**Q** 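Provided herewith is a single structure, encoded as structure tokens, for subsequent inquiry.
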Amino acid sequence: MGNIPTTVKHCLSYEQLIQDYPWLGSRLQDEKEMVPTRVKIQLINMLSETGLPVIEATSFVSSKWVPQMADHTEVLQAIHRSSHARYPVLTPNMHGFQDAVAAGATEVAVFGSASETFSRKNINCSIDDSILRFEEVICTAKQQQIPVRGYVSCALGCPYEGPIEPTKVAEVVKRLYELGCYEVSLGDTIGVGTPGSMAKMLHYVMKEVPSSALAVHCHDTYGQALANILTALQMGICAVDSSVAGLGGCPYAQGASGNVSTEDVLYMLHGMGIKTGVDLSKVIEAGDFICKALNRKTNSKVAQARSKSS
Amino acid sequence: MAAVMRFVNRSSFGSRMGHQCLSLSRPAVVAKLVQDGASAGKTLPERVKIVEVGPRDGLQNEKTVVPSEVKIHLIDMLSEAGLSVIEATSFVSPKWVPQMADQVEVMMGIHRRPGVSYPVLTPNLKGFLAAVKAGAAEVAIFGAASELFSKKNINCSVDESLQRFEEVTKAAKEAGVPVRGYVSCVLGCPYEGKVSPDKVAQVAKRLYSMGCYEISLGDTIGVGTPGGMTEMLQAVSREVPVNALAVHCHDTYGQALANILIALQMGISVVDSSVAGLGGCPYAQGASGNVATEDVVYMLHGLGIQTGVDLPKLMDAGAFICRSLNKKTSSKVAQATCKL
């Protein structure tokens, strides 16, 4: 029956970390309309009430590039910070990091890629150059005792290069971990991964970095996210990224879904007896709120089913 | 198929997304990515049989009554896509299921591909006889693991329904017609809530002992998770050999693929699904129901598991029936690849 009992036991002995991404750092940024600051603040506050241990609040990228995040300082300063949660923010470089700290950030995140082409197209530099940039951030963060989370995108495929060698993913993950990231989140950026490719990739990455320092960030563009997350859990991963209401589409397949919904992930984990400390019905409420504010339907199947049950 | 490059303009720049991107069409990128996937080393079946229930279970739950020629064309397209079992229609009274009123016409009109089976639903002896007369070479019967569901759905207790089915299996045996059994509500019931895995095992065992060559275990309202699926399959496989079992997962709560994956890990090698995810959930109106065949096949191929199914042709069939029904596909693979 595979490793399920072992893995479930393993996860039951820890708090299952669910990283929630209102992804204000890059999910709401995918929404075409500007979301008012007070709406973002309210969303984060509602998510803080659910028991989620980590809520990525905003992004300190230049507002020239991401107008949606221009209010990063206001958001960070206005949210009500629960003592049970952490509020990392994206910081692509030293400038962003310094602004983030000045605004009160106590945890930051940096974003690498396993694909050279994606790195160049996305942040205009090679993987190596991006890591040099992050090294600066991580070193400074270390001195100020600010934890840094790393992300590696295109871990299971790239919209430009196609398949990505698991050894390349492992290399980039290892570099971020050795530089000082306490955790590295492996992103299936275009959602093309399946349990097969997830298992293969994790097998190589786990040779270089302990599973306790890894997370998975699965996109549901091809409907594979929960099956991929299950595979990751079976291999010992205990941290899962997700987005309330499945906010944020896939920019590489317009109209297609992107992030996996926190509600759907929670439903699966709870059904397996895995503790998360998160109240699913409160997450559904937060999802309802943001969907009404954005005037759009939820991408969460659990939320859809619950709202339509006869 | 040739790769197609096109620019997708983006209105916003994200640190992860980039302000422009090139995307390749599905054959070039997606097919290769799927091929590169490999089994994690768990014992997974080398081959999985997909039982395509779209034309029957799927269409039966669609509000729009579909013309016979559309149904026939759909079934023919599915045959061409490499599916080896396609549930064609249902010999229930048209009074109850108007969508299936053209059952005889459909059976006579489809082009039966050699090596492909076209089972039909037969709720009782009358339906069975009509099915055989119309040329059916395989039939299916539907039990439930929940008493309340059985009463509400087919107006009799589980025991009474099994007695009815015994008539069918006896006649089918004499006629040399294989019978597939279904058990619904295996992971939960819209009326009773939790359903005991032992009850599911009991009903599955009875259907198997009656002569059903295969028992499909249905998560009728899609509430199951890998935890419940494991428990249920453990109980059932103590009574029925695992190679005579199939899973029929609904995706109402988004759990279907994860549940199917667990079932595969437990030795199941037959999976029911519905092209384009046809057929909503009648117990949560507007919510999704059947898992989409395209999404299942995508996962299986990514695991290196053979299905015999040509995914692009399957997606064509899905696109066809969605156009006819004037509705969006419920398949995420279809949604993603048509937009690349």
Side-chain angles (χ1 to χ4, degrees), chain A residues 1-2 4 26 29-30 32 59 61 65-68 90 92 111 121-123 153 156-157 159-160 162-163 189 191-197 199-200 203 220-224 226-227 230-231 235 250-257 261 264 267-268 271-273 300-302 304-305 308-310, chain B residues 8 10-18 20-24 28-30 32-34 36-42 222 224-228 230 251-255 257-258 260-262 265-266 281 283-288 292 295 298-299 301-304 331-333 335-337 339-340:
Chain A
M1 178 169 100
I4 307 163
S26 45
Q29 84 186 14
D30 291 346
K32 295 200 176 93
S59 175
V61 290
W65 299 118
V66 191
Q68 185 77 271
L90 227 68
F111 254 87
K121 297 246 180 212
N122 207 39
I123 52 174
S153 43
L156 295 178
Y160 312 104
T189 306
V192 287
T194 63
S197 54
K200 192 176 177 190
H203 171 75
D220 204 37
T221 320
Y222 289 79
Q224 308 294 305
L226 287 194
L230 179 61
T231 299
M235 292 180 73
C250 176
Y252 305 98
Q254 213 177 350
S257 68
S261 309
D264 299 0
Y267 185 91
M268 180 176 79
M272 291 170 68
S300 158
K301 285 208 165 176
V302 169
Q304 286 169 30
K308 295 194 159 88
S309 290
S310 47
Chain B
V8 173
R10 292 218 36 245
S11 55
S12 64
F13 173 71
S15 61
R16 298 169 66 221
M17 311 303 174
Q20 280 179 332
C21 68
L22 289 169
S23 44
L24 301 175
V29 173
V30 175
K32 182 89 173 58
L33 288 164
V34 167
D36 279 355
S39 162
K42 295 185 180 37
T225 63
T230 303
D251 205 38
T252 320
Y253 288 77
Q255 310 294 305
L257 287 194
I260 289 167
L261 180 61
I262 287 291
Q265 291 174 344
M266 293 180 74
C281 176
Y283 306 97
Q285 215 178 350
S288 69
D295 301 358
Y298 184 92
M299 180 175 79
H301 289 181
L303 282 163
S331 156
K332 287 209 162 173
V333 169
Q335 286 169 27
T337 50
K339 302 216 159 75
L340 274 175

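From a predicted model like this one, the values you see are computed outputs, not experimental measurements. Chain A is the first sequence line, chain B the second, and so forth, proteins listed ahead of strands; every chain is numbered from 1.
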**Q** Return the minimal non-hydrogen interatomic distance between B:K332 and A:D220, and the atom names on each side.
**A**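 Minimum heavy-atom contact is NZ-OD2, 2.7 Å.
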**Q** If you take all heavy atoms of A:L230 and B:I262, which pair is closest and at what distance?
**A**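 Scanning both residues, the minimum pair turns out to be CD2-CG1, 3.6 Å.
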**Q** Could you give the distance from CG (B:L257) to CG (A:L226), rounded to the nearest 0.5 Å?
**A**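 These two atoms lie 8.5 Å from each other.
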**Q** Ignoring hydrogens, what is the shortest heavy-atom contact between A:V192 and B:Y298? Give both atom names and the distance.
**A**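 It is O-OH, 2.6 Å.
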**Q** For a quick test of reading the model, state the closest non-hydrogen atom pair linking A:A227 to B:M299 and the distance between them.
**A**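 So the minimum-distance heavy-atom pair works out to CB-SD, 3.8 Å.
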**Q** Return the minimal non-hydrogen interatomic distance between A:K301 and B:G254, and the atom names on each side.
**A**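 The pair with the smallest heavy-atom distance is CB-N, 3.6 Å.
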**Q** Going from OG1 on A:T231 to CD on B:Q265, what distance comes out if it is rounded to the nearest 0.5 angstrom?
**A**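 One gets 6.5 Å once the value is rounded to the nearest 0.5 Å.
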**Q** Nearest 0.5 Å, what's the CD-OG1 distance between B:Q335 and A:T221?
**A**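 Answer for the CD-OG1 pair, B:Q335 versus A:T221, is 10.0 Å.
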**Q** Could you pull out the closest heavy-atom pair between A:D264 and B:Q255, with the gap in Å?
**A**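 Heavy atoms of A:D264 and B:Q255 come nearest at O-NE2, 3.3 Å.
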**Q** Given that the side chain runs from C-beta out, which part of B:L261 has a heavy atom under 4.5 Å from chain A: side chain, backbone, both or neither?
**A**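 The side chain, not the backbone.
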